[in-house]
Amino acid sequence: MAEHNPFPGENNTGHVWDDNLRELDNPPPRWWMLGLWASLLFVVGYSLLYPTWPVGQEPTQGVLGWSQMQEYARGVEQVEAKRAKFEDQIRGMTANEILADPGLTQYTLASAKVLFGDNCSACHGSGGQGNPGYPVLADDDWLYGGTTTKIAETIAKGRQGAMTAHQTILTPAEIDTLAEWVVQMSETGGKGGSEEGWSLFKTKGCTACHGQAANGVLVELGNGDIVTVGAANLNDGIWRFKPGGYESAKHTITYGVNQATVPESRNAVMPAFAEAGKLSEQEIKKLVVYVHELGGGK
Ligand code: HEC
Ligand code: HEC
């Protein structure tokens, strides 16, 4: 081919197309070669220092002895050291004392958020917004009271509200009247309940649990604490059992809540978390602060 090369003396490879299109054999530019050697050198250096080549199950170790697991462990140690300071402080304090300290409250909320996600959100929703059948925690409507003492009691010991099934106590017409009355009450903030409904409410034993004012409160103590048996507030638009409204109310009144012998009964069990192996005292304290901050007030 070389003798037919129409461009003798040029460093082409002898491959010529279309009369004058040819492949040259120039060395790559110097900067490019330097780059190539530098990166090869880097690979050698790196693989001497750090884990690099897969050999069997483990990569080569590298002379620095660095590993991702060690790096991770060191990171965790540093975080733990920072936490320990706060954890020690919190251990000696009550939930109310923590709430009075904005810095500690901040730390506690961040820490409790994880606990809440792991232990509570399956039932109460990730932000305490509730789920059908599980109460909202992110509001000011409490079945058992929203003081830190009451919340702590709820989390530690659990709760299980009970309401009698009225299927054999009341006539269907009475249940109807009461269910309609409950809807009227919820729509008017407790002002618009029919007289007929009120009269049944007061004479058929409902007040024993829901209170004289039907707001779920039996007694309000001087210090603002409320005494309740967990009966729902019937004066507000918040429905404990979804979807709410006439049918829901009728169902609850007919079959009650947590009645073991009534299969259609509403189920409402808040587990106890102070039992062995569930949550520590410190964890419960953090959750009390967290839930209190969700709902606030009492
Ligand atoms: C298995 C579902 C379930 C889990 C898990 C659960 N709860 Fe509950 N919780 C309930 C139910 C049901 C009630 C209502 C009990 C009742 O009506 O008597 C409730 C009630 C409460 C109340 C009382 C609300 C009020 O209005 O007084 C608080 C506070 C509460 N839960 C906090 C928590 C926290 C904090 C956790 C996590 C540590 C948690 N719950 C985990 C089901 C659950
Ligand atoms: C033994 C106590 C008790 C008695 C008596 C009782 N209730 Fe209840 N009631 C409760 C409790 C507790 C709840 C809330 C259950 C829960 O959240 O765990 C409730 C819930 C309800 C609800 C559901 C409210 C909602 O938001 O979904 C209605 C409606 C209701 N009661 C109406 C009545 C009426 C009407 C009577 C009288 C015929 C009555 N209750 C008698 C304890 C009682």
Side-chain angles (χ1 to χ4, degrees), residues 112 115-125 128 130-148 150-167 169-170 174-183 185-186 193 197-198 200-211 214 216 218 226 228-259 265-274 278-279 283-292 294-295 298:
L115 289 171
F116 193 86
D118 289 348
N119 296 285
C120 323
S121 61
C123 291
H124 291 288
N131 270 321
Y134 302 103
V136 178
L137 302 180
D139 65 12
D140 226 347
D141 184 60
W142 298 96
L143 296 162
Y144 298 95
T147 60
T148 51
K150 293 285 179 192
I151 298 172
E153 222 173 84
T154 301
I155 301 174
K157 298 187 194 148
R159 300 281 192 189
Q160 200 164 333
M163 170 165 158
T164 331
H166 291 84
Q167 51 189 352
I169 302 173
L170 300 175
E174 286 171 330
I175 291 179
D176 249 14
T177 305
L178 277 167
E180 271 160 17
W181 172 83
V182 171
V183 173
M185 293 285 284
S186 82
W198 268 115
L200 283 171
F201 180 79
K202 299 231 161 158
T203 54
K204 298 295 180 180
C206 315
T207 51
C209 301
H210 288 276
L218 296 180
I226 52 172
T228 85
V229 291
N233 181 351
L234 303 178
N235 288 341
D236 59 20
I238 299 170
W239 288 92
R240 170 66 182 84
F241 299 107
K242 301 290 182 281
Y246 170 77
E247 289 297 336
S248 270
K250 194 169 147 182
H251 189 104
T252 310
I253 298 169
T254 310
Y255 303 113
V257 180
N258 286 330
Q259 299 300 299
S265 165
R266 301 281 193 190
N267 195 28
V269 179
M270 160 76 192
F273 281 90
K278 282 200 170 166
L279 292 175
E283 288 169 328
I284 290 179
K285 199 189 292 177
K286 287 179 184 172
L287 282 166
V288 170
V289 170
Y290 185 83
V291 172
H292 185 272
L294 285 179
K298 48 179 181 162

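Just follow the structure's listing: the first ligand is 1, and inside any ligand the first atom is 1. Atoms considered below: every heavy atom in the structure, side chains included; atoms not considered: hydrogens, waters and symmetry mates.
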Identity and separation of the nearest protein heavy atom to atom 5 (C) of ligand 1 = Asn119 O, 3.3 Å
ask   = Which bit of Leu143 is near ligand 1, meaning a heavy atom under 4.0 Å away: side chain, backbone, both or neither?
value = both
inquiry  = If we only consider heavy atoms of Lys150, is any one of them less than 4.0 Å away from an atom in ligand 1?
reply    = no
Geometric class of the Phe116/Tyr290 ring pair [parallel <30°, tilted 30-60°, perpendicular >60°] = tilted
message = Contact between ligand 2 and Leu200 is defined here as a heavy atom of the residue under 4.0 Å from a ligand atom; is it met?
response = no
ask   = For atom 14 (C) of ligand 1, what is the nearest protein heavy atom, given as residue, atom name and distance?
value = Arg240 NH2, 3.4 Å
ask   = Considering only protein heavy atoms, which is closest to atom 18 (O) of ligand 2, and at what distance to one decimal place?
value = Ala268 CB, 3.5 Å
note = Ignoring waters, protein N/O/S atoms under 2.8 Å from atom 8 (Fe) of ligand 2 are Met163 SD, His210 NE2
ask   = Under 2.8 Å from atom 8 (Fe) of ligand 1, which protein atoms of type N, O or S occur, listed by chain and number?
value = His124 NE2, Met270 SD
inquiry  = Once salt bridge (Lys or Arg N to Asp or Glu O under 4.0 Å) is applied, what residue pairs with a partner in residues 154-164 remain, sequence neighbours excluded?
reply    = Glu153-Arg159
ask   = Relative to ligand 2, is Gln160 under 4.0 angstrom through side chain, backbone, both or neither, heavy atoms considered?
value = neither
inquiry  = Heavy atom to atom 16 (C) of ligand 1, shortest distance: which of Phe273, Trp142, Tyr144 holds it?
reply    = Tyr144
inquiry  = Could you check whether any side-chain heavy atom of Leu234 comes within less than 4.5 Å of a side-chain heavy atom of Phe201, counting everything from C-beta outward?
reply    = yes
For residues 160-167, run the donor-acceptor check on the side chains, cut-off 3.5 Å, and write out each pair with its distance to 0.1 Å, sequence neighbours left out.
from	atom 1	to	atom 2	distance (Å)
His166	ND1	Thr164	O	3.0
His166	ND1	Ile253	O	3.2

note = Note: ligand 1 atoms sitting under 4.0 Å from heavy atoms of Gly161 are 16 (C), 18 (O)
query = Are any of the side-chain heavy atoms of Ile238 and Asn233 separated by less than 4.5 Å?
reply = no
ask   = Under 3.5 Å between some N or O of ligand 2 and some N or O of Phe241?
value = yes
ask   = Which of the numbered atoms in ligand 1 are below 4.0 angstrom from a heavy atom of Leu287?
value = 38 (C)
key: Short N or O distance, Trp181 and ligand 2, threshold 3.5 Å exclusive   = no
